[in-house]
Amino acid sequence: MSATEPAPAVILLGPSGLATARRAVAALPGAELHGFARRVEQADVRFDDTAGHLAALFLAGRPLIVLAAAGIVIRILAPYLGDKKNEPPVIALAEDGSHAVPLLGGHRGANRIAAQLAEALGGAAAITTAGELGLGFALDDPPEGWRVEPGEDVKNVTAALLAGDPVALVDPHELADWLRGGPARFDSGAALKITVSDMAEAADDITLRPQTLAVGIGCERGAEAAEVAALLDQVLGAAGLSLLAVACLASLDVKMDEPALRMLAAEMNLALRFFDAACLERETPRLANPSDSVFRAVGCHGVAEAAALACAGAGGELIVTKTKSARATCAVARAPTIIRPHLLGRGLGRLWIVGLGPGASAWRTPAASAVLARASDVVGFSGYLDLAGPLPGDKRRHEFAIGEEEARVRAALDLAADGREVALVSSGDAGIYGMAALAFEFVEREAAAGWRAVEISVEPGISALQAAAARAGAPLGHDFCAISLSDLMTPWPVIEERLRAVAAADFVVALYNPASRRRRRGLARAMEIFAAARPQDCPVIVARNLGRAQESVRIMALGEFDPGTIDMLTLVMVGGRETRLIETGDGRRVYTPRGYGARPTAETPKRSLP
């Protein structure tokens, strides 16, 4: 799986296919096992609604390998079929592994995945697309490291090759080995022509772009992305080179936190690689413009030329020497073979701060599961890592004890700064009393090398207050807030001031960290404050172990609340003066009306804001 591809999901509906499903997960880098909750106990992600789960994954662009009859998969996904150019790969896999059938996205990876599965499972890939079946390749889905010039006549050339007609192949450096050795006939005198070239001008019927070019970039601190992009366009344009043949951008590692380079790589969908000064200095004998002033500044005699050559390898050549703009430099090198950026230098580290939800796998977002599948390292409190379940793939698990929040955040940042893809997990939502704020605080206040170069993303999860509200009804139908009663980070006088304010303002209040073995008085004092401001029959929700086997949700009146029954696994939610408790056919429910104060009636017109 490349850095930009979503993780494949292997879907298992029953226990009989478990062994095959596990082998399929092992055969596909980054894949995770999704199991039907009532029949599959051991899975990375468990689900209750098969049709809804498959549809959500499909619409999210996840490759799907479903251990089920092809007809079942087709019927589930049929309502969502539209643009075939954007559909993810979908494969039906026999429970015994005997057949892998690409159903959708054959030229978007399904045929390749089916072939991988067939090889790993000892089965057969039921490839039906004409190009791969008859020729062994698909011109519109070239191998990694190749691109086809958009809008070219792939259909006619493929049809000619399938009919046995000759096609000319212009490949002066004999890079396109994947086209040769099969039944395709190539004749230099044929009318139809395939050209392999890194030059910008598109030629003949099909132009294939081998990614043999590496662009080295140097820039001053704070250079504008627009300037660097304009310089790259100028360099490629003047040399007549195609952007589609560029495999990566490269620079010195002290530029890892340079926004211009990140923006340029993202805009052009190119890998971004970095080398230390010692590595670039080894390229000095091959530089066209070595500079003593650059050496004094950064420890190597060139950045743009050296970085391009480092990517191109020992057999590469510098084809565009250093070109300058006001604050940036650019150079281009050509490699004798396809460049594999992920094997070169060092990439940008990435840190995802992930909310797992309250605990139930059904309450974990597909995005959070995708992060766990993609990450190389997963960091967290051991209890949260247990919530995450078995980690797919060959991942490193970094466990920390409760109370070691700072240590786990620093460890996650250090791993990401080393170029790894790291998931730092929290229960609930990582941005609500979770690890996200602490990570950003460390990046701001501490000058640890490499932390500011890390790409940090926060993946939300279902918070405890959302889960408790959903279990109880709709208590958060109007304004609400959350307050932590832990005085480890916030002095108690500040907490009490906030409690008084929200009690007077009539917010529905979710109380996090309500009590522990040592902290008992704070919750009792909080309830005294609410009792003074709200009626004794005001509903209170006590939710413990949400989303887990020992889940308990109790609803009671404020006057009946007993602080002695509360611990750190519990969330307490206190209703407002308008919050209602009603009896329904399936028990008690709590809601807070969306309207507040006087209710509109037939005689009273609705009020609106001016």
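Counting from 1, the numbers follow the sequence of the chain as shown.
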J.: Looking at E220, is its backbone amide N or carbonyl O close enough to the side chain of R327 to form a donor-acceptor pair, meaning the two atoms are under 3.5 Å apart?
T.: no
J.: If only atom types and distance count, is the side chain of R340 paired as donor or acceptor with the main-chain N or O of E144 below 3.5 Å?
T.: yes
J.: Salt bridge or not for D276 and R282, using N-O below 4.0 Å?
T.: no
J.: Whether the side chain of R209 engages the backbone of A200 through a donor-acceptor N/O pair (distance < 3.5 Å, no angle test) should be reported.
T.: yes
J.: Could you check if a side-chain atom of L372 sits within less than 4.5 angstrom of a side-chain atom of W352, using non-hydrogen atoms only?
T.: no
J.: Counting distance only, does the side-chain N/O of D429 pair as donor-acceptor with the main-chain N or O of I462 below 3.5 Å?
T.: no
J.: Does any N or O in the side chain of Q211 come within less than 3.5 Å of the main-chain N or O of A245, such that one atom is a donor and the other an acceptor?
T.: no
J.: Look up atom CD in E399 and atom OH in Y384, then write down how far apart they are to the nearest 0.5 Å.
T.: 14.0 Å
J.: Is R452 salt-bridged to D257, going by a charged N under 4.0 Å from an acidic O?
T.: no
J.: Taking the side chain as everything from C-beta on, heavy atoms only, tell me whether L175 gets closer than 4.5 Å to L208.
T.: no
J.: For the residue pair S486 and S484, confirm or rule out a side-chain donor-acceptor distance under 3.5 Å.
T.: no
J.: Determine whether L499 and L485 make a side-chain contact, defined as any pair of heavy atoms from C-beta on separated by less than 4.5 Å.
T.: yes
J.: Ignoring hydrogens and angles, tell me if any N or O in the side chain of Y433 forms a donor-acceptor pair with the backbone of A482 under 3.5 Å.
T.: yes
J.: Give a yes or no answer on whether the side chain of T365 reaches the backbone of W363 with a donor-acceptor pair at less than 3.5 Å.
T.: no
J.: Once the angle between the rings of H34 and H53 is folded into 0 to 90°, is it parallel (under 30°), tilted (30 to 60°) or perpendicular (over 60°)?
T.: tilted
J.: Considering residues, nucleotides and ligands other than M268, do more than 12 of their heavy atoms fall under 6.0 Å from its CE?
T.: yes
J.: Atom CD1 of I206 and atom NZ of K193: how far apart are they, to the nearest 0.5 Å?
T.: 13.0 Å
J.: Cation-pi between R410 and F442: NZ/CZ under 6.0 Å from ring centre and within 45° of the ring axis?
T.: yes
J.: Using a 4.5 Å cut-off on heavy atoms from C-beta on, say whether the side chain of H398 contacts that of V422.
T.: no
